Number of protein chains: 2
Amino acid sequence: MSLTSRPIHVTYAYQQVAEEIEAQILRGELKPGDQLPGETELAQMFGVTRSTVREGLRQLESDGLVHRPSPRRLEVAVPQADQLTTRAGRAMALMKVSFRELWEVTMVTEPLAARIAAERASLDEIELLQGLHADLVAAEGQMARTIELDEAFHTRIADMGKNRVLGLAREPISLLLFRGFSQIAPYATQFYKRQIEAHSNIIAAMRDRDCDRAEKWARMHIEDFWRGAQIAGLEDAVALNPRALS
Amino acid sequence: MSLTSRPIHVTYAYQQVAEEIEAQILRGELKPGDQLPGETELAQMFGVTRSTVREGLRQLESDGLVHRPSPRRLEVAVPQADQLTTRAGRAMALMKVSFRELWEVTMVTEPLAARIAAERASLDEIELLQGLHADLVAAEGQMARTIELDEAFHTRIADMGKNRVLGLAREPISLLLFRGFSQIAPYATQFYKRQIEAHSNIIAAMRDRDCDRAEKWARMHIEDFWRGAQIAGLEDAVALNPRALS
DNA sequence: TTACCGCTTAGTGTCCGACAATAAGACAGT
DNA sequence: ACTGTCTTATTGTCGGACACTAAGCGGTAA
């Protein structure tokens, strides 16, 4: 007997509060920056206790839909990318994703990022990127710093393409992947040179507005990374959560 | 004058509760499926009231780190992809991302998905995909159903590649993009035929384990989508939140 | 024995009331 | 107009309370 039973949806009061406010935000009745009534008032409005409202608010807060600049102000939040990044990164770490999985995706995101950056970046932005690259060159030998700067370099490129979807999608992935570099660096000693070469070429290509070249160098750069992972024998190793390292 | 001010981090009790439990999960001291102590006990452990514990738990709950199968059981959750999808989709909708942004990324994710699926999918999986395709063919003319099935088709392909990172990254994007198709469909009448053709060819390529061909057809398929958007003049239109349509 | 059934109980969801700390706004002084 | 003080509303936290129900227990029946 197959009796199609939809799991009944018991909605607790605090959930309803959260959902109602969420719905209003999603429908645009509440716009980012708008201030919400105080807890007591909300409690009255919904006909529940303040405790109940609070639980709902905590949920919305951690959903990133509302936000407290100060304990006194409760306002509709503009969605924060880093919130999502944290969450996605955590999820991937808990899922124990392998470097291979991360790499495969990075292998398409970074070239795309380089391509559209080459197409759209302003000269100022390219200059800033150059500065970041200089820092990276100067940091030769310091692994932790190198990783941090490399990651920043790639994120910057992604931002330059002015594609927020790409930014959102790639950030948690590149975070995990590049951080993981600390595990492979000891095995890939000549990686630094190749990295610098690749970065230089990407910048040069961007100066020339040569999308194809920028894309190609980005791809080669990520391929190099993979070679390092192969040498280190970490292709199917699990990427660690950056936040768990502290 | 640039005075580097780190924003002081006032951690309220409920936050500390949440953070402490989160840390234990991330460190692996608490593994998915583990049951947590009751609220009263937690309150004693942390030396706070139950109300405070509850607020912390609500936060963790909506973070997807813990989860209540029944009100009595509070256990460490295995991260749910759909939670992240919802959140990311909401964020993108609120950021008012354009079809162009969505499309640019989809243009690299879907071909990748097709490629690795062609490489790794089992014959059974390909068969199942074929079935999905048949449903889609049968649904000709019904836009809503077509969109739904198309979306399912692409998601299925992504799953077949056994890359969870790709799955996580592409899902919210494709959701927004394909749902958006309802806005362009009226303008792209011959799209259905091309869609079916593309899907057929992808499946055929997968049967032959021809990664390149699978990738190529996926790319063409997504390109077609873009042509539709161009005809409809929606390249820079804002994608609507699917959840806001209800 | 195993399977079923009602009872007990611990734990949740919600409520109420309270209090110290403090941010925000009003107000006054220069 | 700017700065400093005062008031007050609101938050974070507390403690206690109660109805409801899921889970475990023990007893009964097959």
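Throughout, protein chains are lettered first and strands after them, A, B, ... in sequence-line order, and every chain is numbered starting at 1. Since we're looking at a predicted model, the values are computed, not measured.
- Nucleotides of DNA chain D lying under 4.0 Å from heavy atoms of chain A occupy a range whose first and last members, 5' to 3', are D:dA9 to D:dT13.
- Within the 4.5 Å cutoff, no side-chain heavy atoms of A:Thr52 are placed close to those of A:Phe46.
- At distances below 3.5 Å, not a single donor-acceptor pair connects side-chain atoms of B:Thr49 with backbone N or O atoms of B:Ser51.
- If you take CG on B:Leu166 and CD on B:Glu110, they are separated by 7.5 Å, rounding to the nearest 0.5 Å.
- With rounding to the nearest 0.5 Å, the separation of CG in B:Asp63 from CD in B:Glu22 is 6.5 Å.
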Practice prompt. Go through A:Glu171 and A:Thr155 one step at a time and tell me if the side chain to side chain donor-acceptor pair (under 3.5 Å) criterion holds.
Written response: CA-CA 7 Å; A:Glu171 185 67 9; A:Thr155 300; 3.2 Å; yes
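- No hydrogens or angles considered: nothing links the side chains of A:Glu20 and A:Gln16 as a donor-acceptor pair under 3.5 Å.
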Worksheet item: Going 5' to 3' along nucleotides 12-18 of chain C, which nucleotides have protein heavy atoms under 4.0 Å from the base (write B), which only from the sugar-phosphate (write S), and which from neither (write -)?
Response: BBBBB-B
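- A salt bridge links A:Arg145 to A:Glu148: at least one charged side-chain nitrogen sits closer than 4.0 Å to a carboxylate oxygen.
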